Amino acid sequence: MSSPVIIDGLVKHFGDLEVLRGVSLSVATGRVVCVIGPSGSGKSTMLRCVNRLEQPTAGRIFVGDVEITAISDERELDRHRGRVGMVFQQFNLFPHMTALHNVMTGPRHVLRLEEAVARERAQDLLARVGLAEKADEYPDRLSGGQ
């Protein structure tokens with residue numbers, strides 16, 4: 001399920017350092033957008049604000065009809081985070097688990113999906129990104145791009 005994302009005047013400071021200065025962006029439902037820029041330009045910080053892993057200094061963020069920046073209840077934030085996918089820059093896979101089991105872990109433990117449902121969903125997701133044949137590989141056997 002996808003929802004439109006609207007970022008309006010997003011500002012983020014880390015102490016005296018202003019990382020984001022009034023960023024505005026609108027992404028329509030079903031659209032794919034790439035955010036590019038040099039290291040340290042605020043790309044990851046912006047995405048961390050959308051997922052509320054960082055609290056914005058100012059501005060508003062909407063995912064669908066929900067103003068994410070107005071959410072103060074941790075349970076509601078967790079529900080939001082469960083709907084917003086994010087891929088981290090670092091290689092954050094469990095080294096003792098296969099690619100399939102790494103993909104299954106969130107849905108099993110956060111969404112409490114039955115194993116068979118989580119497995120089917122994980123297999124579909126791996127196939128969508130061209131990694132179906134890597135399902136049984138361990139992280140140390142995958143390239144950085146994989």
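Remember, predicted model here, so these are calculated numbers, not experimental data.
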*Between Val19 and His13, is any pair of side-chain heavy atoms under 4.5 Å apart?*
no
*Are Ile61 and Phe14 connected, step by step, through hydrophobic side chains (Ile, Leu, Val, Met, Phe, Trp, Tyr) whose heavy atoms are closer than 4.5 Å?*
yes
*Dump the intermediate steps for side-chain contact (heavy atoms from CB on, under 4.5 Å) on Met46 and Val35, then the final yes or no.*
CA-CA 10 Å; Met46 180 185 73; Val35 179; 3.7 Å; yes
*Within the distance-only criterion (no hydrogens, no angle test), does the side chain of Lys12 pair as donor or acceptor with the backbone N or O of Gln55 below 3.5 angstrom?*
yes
*Within 6.0 Å of CD in Glu114, more than 12 heavy atoms from elsewhere*: no
_Pair Arg75-Asp78, salt bridge (Lys or Arg N to Asp or Glu O under 4.0 Å): steps then yes or no_ = CA-CA 5 Å; Arg75 285 187 211 159; Asp78 286 343; over 6 Å; no
_Could you check whether atom CG of Asp65 has more than 12 heavy atoms from other residues, nucleotides or ligands sitting under 6.0 Å from it?_
no
*Point-to-point distance, once rounded to the nearest 0.5 Å, from CG of Leu47 to CD1 of Ile7*: 7.5 Å
*How far does CG of Asp8 sit from CZ of Arg60, to the nearest 0.5 angstrom?*
6.0 Å
*asked:* With a 4.5 Å cut-off on side-chain heavy atoms, are Ser26 and Val5 touching?
replied: no
_Expected output: side-chain Arg81 to main-chain Arg52 donor-acceptor under 3.5 Å_ = yes
*asked:* side-chain contact (heavy atoms from CB on, under 4.5 Å) for Leu10 and Ser24? Distances and angles first, verdict last.
replied: CA-CA 6 Å; Leu10 182 63; Ser24 294; over 6 Å; no
*Stepwise, does the side-chain contact (heavy atoms from CB on, under 4.5 Å) test hold for Arg121 with Leu126?*
CA-CA 9 Å; Arg121 188 178 285 183; Leu126 286 171; over 6 Å; no
_From Arg141 atom CZ to Asp136 atom CG, the distance as rounded to the nearest 0.5 Å_ = 12.5 Å
_When you group the ILVMFWY residues by side-chain heavy-atom contacts below 4.5 Å and let the links chain together, are Leu93 and Leu131 in the same group?_
no
*What heavy-atom pair brings Leu100 and Ala122 nearest, and what distance separates the two atoms?*
CD1-CB, 3.6 Å
*Heavy-atom side-chain contact between His80 and Glu76 under 4.5 Å*: no
*If you round to the nearest 0.5 Å, how far is CZ of Arg48 from CG of Leu20?*
12.0 Å
*Are any of the side-chain heavy atoms of His101 and Phe94 separated by less than 4.5 Å?*
no
*Are side-chain heavy atoms of Val117 and Glu120 found at a separation under 4.5 Å?*
no
_Atom CD of Glu137 with >12 non-hydrogen neighbours under 6.0 angstrom_ = yes
*Does Lys43 reach the main-chain N or O of Pro38 with its side chain, forming a donor-acceptor pair under 3.5 Å?*
yes
*Indicate the atoms forming the closest heavy-atom contact of Ser3 with Thr29, along with that distance.*
C-OG1, 3.6 Å
*Check step by step if side-chain contact (heavy atoms from CB on, under 4.5 Å) holds for Met104 and Glu115.*
CA-CA 8 Å; Met104 287 174 58; Glu115 182 172 358; 3.8 Å; yes
*Check the hydrophobic clustering (I, L, V, M, F, W, Y; side-chain heavy atoms under 4.5 Å; chains of links allowed) and say if Leu25 and Leu53 are grouped together.*
yes
*Measure the OG1-CZ distance between Thr57 and Arg21 for me, rounded to the nearest 0.5 Å.*
12.5 Å
*Any chance you could measure Lys134, atom NZ, to Leu142, atom CG, to the nearest 0.5 Å?*
6.5 Å
_Hydrophobic cluster identity match, Leu113 and Leu125, side-chain contacts under 4.5 Å_ = no
*Between Val50 and Val11, is there a shared hydrophobic cluster once you connect ILVMFWY residues whose side-chain heavy atoms come closer than 4.5 Å?*
no
